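Heads up, the thing below is written out as structure tokens.
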Amino acid sequence: MTSNDFINKQIDDTLNSINDIQRAEMSPFFYTKLQARLQQQNSSNFWENLLSSLSVKPAYTVAVLMVFVILNVAAISTLVSDNNLNNNIPKSAQEASLQSFVQDYNLSVSTIYNNDKKSAQ
Amino acid sequence: MNEQLQIQAIQNGDAKAFAQMVETYQHLVYNTILSMLQNKEDAEDVAQDVFVQVYESIHQFKGESKFSTWLYRIAVTKSLDYQRRKKRKKRFAIIESLFGVNNEVKHESIHFYHPGVSLANKEQAAILFKAIQQLPSNQQIAFTLNKIEGLSYQEVAEIMQVTVASVEAFLHRAKQNLRKELQQYYESLK
């Protein structure tokens with residue numbers, strides 16, 4: 001047999017090596033893994049869908065932005081009106097209420113000077 | 001359960017019918033993907049992708065072709081996508097190694113041993129599988145479906161959505177290319 005014949009025989013044998021091939025079988029736990037993946041996908045889908053619908057549909061994006069702006073405007077306006085109310089109260093009344101608050105909650109700062117005063121009494 | 005009834009049940013959200021369908025077709029899907037990707041872990045991952053897609057798009061199946069044909073088509077498409085992604089990653093890794101970003105060279109297994117090949121033909125089949133990987137995609141699909149899955153030309157044509165004559169041409173060219181590849185391999189051993 002010449003070298004070429006030998007190579008041709010090897011090629012034929014190689015091509016015929018899969019003639020009686022059997023089907024490869026999947027691992028027995030495949031369905032369990034697949035189920036886990038489908039469940040994981042379903043649980044993450046809700047947030048993904050929400051985010052994607054918000055970012056993709058312009059109407060939703062505009063609506064979200066409007067809500068955001070309205071909330072900010074409302075917060076700023078209540079802050080401003082609170083400040084105005086505080087400004088209308090006379091200064092002496094403000095100080096008196098502040099002092100009573102400090103006394104109620106014992107927030108006065110005790111100093112060495114205070115201690116000396118107490119011991120002298 | 002009749003196949004049509006089973007598909008209707010899956011379309012109506014019947015989990016048991018879906019489990020039965022997976023049980024029936026998992027080996028068909030796995031064997032096709034494994035023969036194309038030649039890696040057990042990758043094949044199992046892609047098989048999961050296939051069934052996830054089946055679960056999500058079962059409503060699109062109108063029964064115009066056989067269910068197995070539809071399933072084969074998804075399996076082949078997913079395998080090709082995976083091959084492309086892997087090739088892109090490989091190219092990127094080569095560029096990275098050229099610029100010294102990652103000097104580690106990843107060694108992939110040289111031979112793939114298909115579990116369905118008899119022990120006597122194991123080594124030769126591994127050489128053949130390596131040559132199959134060098135084929136253009138159309139020839140690789142036709143060869144895999146016909147020679148490994150044992151499908152007829154007609155069935156392969158339906159899956160690939162081409163004519164039977166095209167399948168014959170793909171297979172003829174695949175055999176020629178495989179011969180060339182194997183000749184080079186055996187001559188290099190001399």
Side-chain angles (χ1 to χ4, degrees), chain A residues 1-69 71, chain B residues 15 18-23 25-35 40-41 43-45 47-52 54-56 113-118 120-132 143-144 147-150 175 178-187 189-190:
Chain A
M1 195 187 270
T2 64
S3 149
N4 268 351
D5 289 342
F6 182 65
I7 286 178
N8 280 335
K9 195 192 169 301
Q10 276 184 313
I11 293 169
D12 287 336
D13 288 348
T14 308
L15 286 170
N16 294 332
S17 65
I18 56 162
N19 279 355
D20 60 347
I21 194 167
Q22 303 293 307
R23 194 175 257 171
E25 294 208 344
M26 179 68 91
S27 77
F29 305 109
F30 177 70
Y31 186 68
T32 316
K33 288 180 200 168
L34 179 67
Q35 245 184 332
R37 188 163 154 188
L38 283 169
Q39 271 170 3
Q40 194 187 3
Q41 208 153 318
N42 284 342
S43 60
S44 63
N45 265 358
F46 172 75
W47 293 108
E48 275 174 26
N49 289 345
L50 186 74
L51 282 176
S52 65
S53 62
L54 283 181
S55 58
V56 170
K57 291 181 183 170
Y60 290 159
T61 317
V62 171
V64 169
L65 277 174
M66 288 293 283
V67 168
F68 185 73
V69 169
L71 282 174
Chain B
F18 179 71
Q20 264 181 349
M21 185 273 290
V22 175
E23 181 69 33
Y25 292 106
Q26 58 179 345
H27 304 307
L28 168 158
V29 168
Y30 178 63
N31 190 50
T32 307
I33 299 169
L34 180 68
S35 304
K40 286 177 187 174
E41 287 78 28
E44 206 175 310
D45 281 350
Q48 278 189 20
D49 290 346
V50 170
F51 285 109
V52 168
V54 169
Y55 182 79
E56 284 170 351
Y113 297 106
H114 191 288
V117 174
S118 64
N121 294 325
K122 197 177 149 191
E123 291 303 327
Q124 280 177 320
I127 295 162
L128 179 62
F129 270 107
K130 205 180 172 193
I132 292 171
F143 192 85
T144 305
K147 294 286 171 192
I148 300 169
E149 265 298 302
K175 279 175 203 164
L178 286 175
R179 276 198 163 274
K180 259 188 228 166
E181 199 72 40
L182 292 172
Q183 186 151 12
Q184 276 175 6
Y185 173 77
Y186 284 117
E187 276 176 355
L189 294 181
K190 272 205 284 186

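Not measured: the values here are computed from a predicted model. The chains referred to below are lettered A, B, ... by the order of the sequence lines, with proteins before strands, and numbering in each begins at 1.
Contact annotation for B/Leu178: only side-chain heavy atoms (C-beta onward) come within less than 4.5 Å of a heavy atom of chain A. For B/Val52, the parts lying under 4.5 angstrom from a heavy atom of chain A are both the backbone and the side chain. Within the 4.5 angstrom heavy-atom criterion, only backbone atoms of B/Asp45 (N, CA, C, O) approach chain A. For a residue to count as touching a neighbouring chain, one of its non-hydrogen atoms must lie under 4.5 Å from one of that chain's; by this rule A/Arg23 touches chain B with backbone and side chain alike. Contact annotation for A/Leu38: only side-chain heavy atoms (C-beta onward) come within less than 4.5 Å of a heavy atom of chain B. Both the backbone and the side chain of B/Leu28 come within contact range of chain A, each with at least one heavy atom under 4.5 Å from a heavy atom of that chain. If you measure heavy-atom distances from B/Leu128 to chain A, the contacts under 4.5 Å come from both the backbone and the side chain.
Contact count versus chain A (heavy atoms, under 4.5 Å) is highest, among B/Gln183, B/Gln48, B/Glu149, for B/Gln48. No other option in B/Glu123, B/His114, B/Lys147, B/Lys175 has as many heavy-atom pairs under 4.5 Å with chain A as B/His114.
The backbone N or O of A/Glu25 sits nowhere less than 3.5 Å from a side-chain atom of B/His27 that would complete a donor-acceptor pair.
At most 12 heavy atoms of other shown residues, nucleotides or ligands fall within 6.0 angstrom of atom CD in A/Gln22.
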**side chain to side chain donor-acceptor pair (under 3.5 Å) between B/Tyr186 and A/Thr14, worked out** = CA-CA 11 Å; B/Tyr186 284 117; A/Thr14 308; 2.6 Å; yes
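No close placement of the B/Tyr30 and A/Phe30 rings is indicated, their centers lying 6.0 Å or farther apart.
The shortest side-chain heavy-atom distance between A/Leu34 and B/Phe18 falls under the 4.5 Å cut-off.
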